[in-house]
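Input: a single structure, listed below in structure tokens.
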Amino acid sequence: MSLFDDFIESSETVHAPSNVVSGDLFGTGQTGFGAGFEGVDSVRLETGYVSTGFGHIELPIFALDYVQFQLPATLVDMAVSNDILVVALDTFRILRIDLEKPLEVEEIDIARKPGDGKIVKIFFDPTGRHLVITTENGENYYLYERWRRAKQLAKFKGVTITSIAWNKQASLADPSTQEILIGTKNGLIYETCLEPSDEFFRREEKYFRQVYSIHESTMPITGLHFEQFPVNNRKYFAMATTPTRIYQFIGTVGLANGSKSPGGFGETDDRERTLFEGLFGRYDVNPGFQELPGDLHYSELHFFSRFHELQQQGVAQTFAWLTGPGIYHGNLVFGSQNIGDSVIDNAELLQYPATPSEDEAGQLVTEIPISMALTEFHFVLLYKDRVRAICQLNDKIVYEETISLNRNEIVRGLTVDSIKKTFWIYTSVNMYELVIKNEERDVWKLYLEKKQYDTALQYCKDSAQKDKVYTAQAKDYFGQRRYQMSAKYFAESTVPFEEVVLKFVDKDEKDALRVYLTSKLDRLRKNDRTQKTIVATWLVEIYLSKLNELEDLASSTHCTAAGETLPAATPTNSVAYYKEQQEDFQDEFKTFLETYSAHLHKPTTYKLIASHGRSSELLYYASLIGDYDRVISHWVIEKNWVEALEVLSKQANPDTFYKFSPVLMENTACETNQSIRYLSYVVTSLGNTDPAVHNLLLTLYATQSTRDETALLTFLKNEGREMHYNLDYALRLCSQNNRTQSCVHIYSQMGLYEEAVHLALKHHDLELARINADKPEDDDVLRKKLWLSIAKHVVQENKDIKTAMEFLKQGDLLKIEDILPFFPDFVLIDDFKV
């Protein structure tokens, strides 16, 4: 039978499709254990079923969209940055299109010379403002965003640019590129800064200086990139690639040359030190590089950063290098690296996928892509007739699409807008956009397969996905016998309650069961009181059993340690170890009681704790729920008066004070005196009028061991007619403690003068009787009656006529004939003579 009668068995529905849900399952009338968990998403239902949403049609992540644009000439190269698309045509013209205004196409002619040759490549900075055009004969041109005409870069003459490392520090507020690095086809790296100018004689290149050479004139610099270290704005990292080598440079940089020369039309002096000269200078002798030999005459270097906003470009987290043997890729970690160190971490070489050939043999053929792009989770590879996407997490092809080519049409390349994260493929006559949507959709599955559960959870989109991860993680840990970790994640999953409990019971894993029940208890809703009480009570039993087990282990270890022939105790089986474990577990149990005491059934909990003989835990629980009578009774029985008095001082119930004050006062004289001093100060100096306080002070005075009633009478008299103590309680208390004078005073305060006089006479206190006999000043009849009572007592008790006659002289109400009946019949008349 189920632990909870109304729990719905649902182990078969955890992974069911969404269309199996029907009927009252969504109703609010459903109750039971499964329905009681808080914080569960709306898709996680009462039975533990999770709506997966897998019935929905999933759109493809990758889609190749044809761009409806008729090119006026053959396309040579293309670049896109910050939503600005630039196309270089073989007619030496540039097309510039703002993608937010796609119908407005700017056509810009380049005033070339006969020997310039053809355009081979264009370079577009991330801001979408600076365009550099290079030709096969080493002529280079510069086009700024607002210009209608490109300008020749005179200082670049003879340099065929193969790569440019743009500066992320460049902003829209600054028209310049700031310091940038330029790689050439003969293995040289230059530094320059381009700043547009409308002045005729002023050149855009502020300076142009070589900062490094790989000393291989036949190796072009195919990729170039630099980053600023996050924690040191003068420390930089640069990476350069050739078709077969990858170089890393780390070091500090100096101040860039920004001053103008005294003459020469405002140009800067190249003889001054450049920004990166010091960085590269340290690698002249022993350049550090890795080599991947191959016959490929080209390569590409790409970087990815999750933070790609124009004004908030973050440091690159990953890189990928397209080479002949494959894609060399890894993470970039910036820390305390110095000259000669590497920032590359977890580097791997992904070989290009082999696919069946189109001939009849169908042999596997490995084709090298002509270009690539790097996303957060994929490598996008461009081939001569198709495009592929390979998942970085499992190295599998997840997308492939053929590019329809016309006759004489060839695929040129792939370009990426690093700011807007758009991807573009271009051929000699057409353009395509590779649309990537929801790229991380299935990432959680891949991380789940790799058992990287925390990372998988980060990419889960709904509760169904999270539930699959939690369930897999819990079962994995259970299989590894890491039962407490398993319990933690089973509690997060929708695996049925009974199924999980039985798993741990079968393995006799009470600690894991405790973790699981506690986690489940935290997830119950507020109105599920019965379920909370049952689970909390079960946990109390588990805690108590564990405490007894640790106590038994400590005791047995202590006894074992006394044996001479037994091995010495180790840190994990010593008495001290078990004692420490026991103390930690007691603290944990107390914390549990503090948290869930409101959900425990008091009588049941008392019986449970008492049945295990845990008196300290019983007292703690009683104190926690405010059952001070039980705690004080325990300490009184144990004759631990200090503890009893301490507990009494923590509560404010007058009945409890009245109940235990006598026995405590009798046995804690020192503490009583301190209490009297404090309460007297509260009453007299602070003017407290709380009856409970006055009654307590009265109790302390009345129950003192001394027979002197001076302090008690002083207190009673100071109260006056506006007393704040209870008269009935005061009379009963003083009577029980034989405080005669105080009882007489209280009778008098109550107007019971006859009782006051009678009590005073009973204790032979004539003076006290006379004082009280005169108190009813407005009632002579009563006064006379009281005086007659005193006279009768004097005559009958003392049998002394002279004393009686002297007594008559003290008052004016009685005459000799009033007291004659009290004398014996045979008395001498001489005794009455004055």
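Computed from a prediction, not measured in an experiment: that's the story for all the values here.
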Could you check whether [Y] and [X], counting side-chain N and O atoms only, form a donor-acceptor pair closer than 3.5 Å?
X	Y	result
D629	T656	yes
D708	T710	yes
E541	H612	yes
D467	T494	yes

>> With ring pair (Phe, Tyr, Trp, His ring centres under 6.0 Å) as the criterion, how do Y516 and F497 come out once you've worked through the C-alpha distance, each side chain's angles and the decisive distance to 0.1 Å?
In response: CA-CA 10 Å; Y516 177 73; F497 180 82; 5.8 Å; yes
Check for a donor-acceptor pair, side chain of [X] on one end and backbone N or O of [Y] on the other, with a separation under 3.5 Å.
X	Y	value
S611	L608	yes
S633	R630	no
Q749	L727	no
R739	A702	yes
S735	L731	no
E709	S742	yes
D528	L524	no

Quick one: [atom1] on [X] to [atom2] on [Y], what's the gap to the nearest 0.5 Å?
X	Y	atom1	atom2	result
L648	E646	CG	CD	11.0 Å
R482	K488	CZ	NZ	10.5 Å
I632	L619	CD1	CG	11.0 Å
F504	D506	CZ	CG	11.0 Å

Ring centroid separation for [X] and [Y], is it under 6.0 angstrom?
X	Y	value
Y701	F715	yes
Y725	Y729	no
Y753	Y747	no

Compare every heavy atom of [Y] with every heavy atom of [X], then report the nearest pair and how far apart it is.
X	Y	value
Q741	L713	OE1-CD1, 3.2 Å
H694	N688	NE2-O, 2.6 Å
T537	L600	N-CD2, 3.8 Å
A756	S748	CB-N, 4.2 Å

> Are more than 12 heavy atoms from other residues, nucleotides or ligands located less than 6.0 Å from atom NZ of K503?
Replying inline: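 For K503, atom NZ is crowded (more than 12 foreign heavy atoms under 6.0 Å).
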> For H599, does the NE2 atom sit with more than 12 other heavy atoms under 6.0 Å from it, leaving out its own atoms?
Replying inline: yes
>> For a side-chain hydrogen bond (donor to acceptor under 3.5 Å, both in side chains) check, start with the C-alpha distance between Y477 and Q484, then their side-chain angles and the critical distance, and finish with the verdict.
In response: CA-CA 9 Å; Y477 285 144; Q484 293 192 43; over 6 Å; no
> Could you walk me through whether R514 and E588 pass the salt bridge (Lys or Arg N to Asp or Glu O under 4.0 Å) check?
Replying inline: CA-CA 12 Å; R514 184 184 77 252; E588 184 180 333; 3.3 Å; yes
> Y606: what forms a ring pair (Phe, Tyr, Trp, His ring centres under 6.0 Å) with it, not counting sequence neighbours?
Replying inline: Y621
>> Test of understanding: with ring pair (Phe, Tyr, Trp, His ring centres under 6.0 Å), list the residues that count as partners of Y483, not counting sequence neighbours.
In response: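 Checked Y483 against ring pair (Phe, Tyr, Trp, His ring centres under 6.0 Å); matches are F478.
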>> Please determine whether side chain to side chain contact (heavy atoms under 4.5 Å, CB included) holds for the pair V515 and M485, giving the CA-CA distance in whole Å, both sets of side-chain angles, and the decisive distance to 0.1 Å.
In response: CA-CA 9 Å; V515 173; M485 291 294 293; over 6 Å; no
> Is there a side chain to side chain contact (heavy atoms under 4.5 Å, CB included) between W635 and V642 once you walk through the steps?
Replying inline: CA-CA 9 Å; W635 293 124; V642 175; over 6 Å; no
Side-chain donor-acceptor contacts of residues 580-587 below 3.5 Å, not counting sequence neighbours, with atom names and distances?
| residue | atom | partner | partner atom | Å |
| --- | --- | --- | --- | --- |
| Q582 | NE2 | E551 | OE2 | 3.2 |
| Q586 | NE2 | E617 | OE2 | 3.2 |

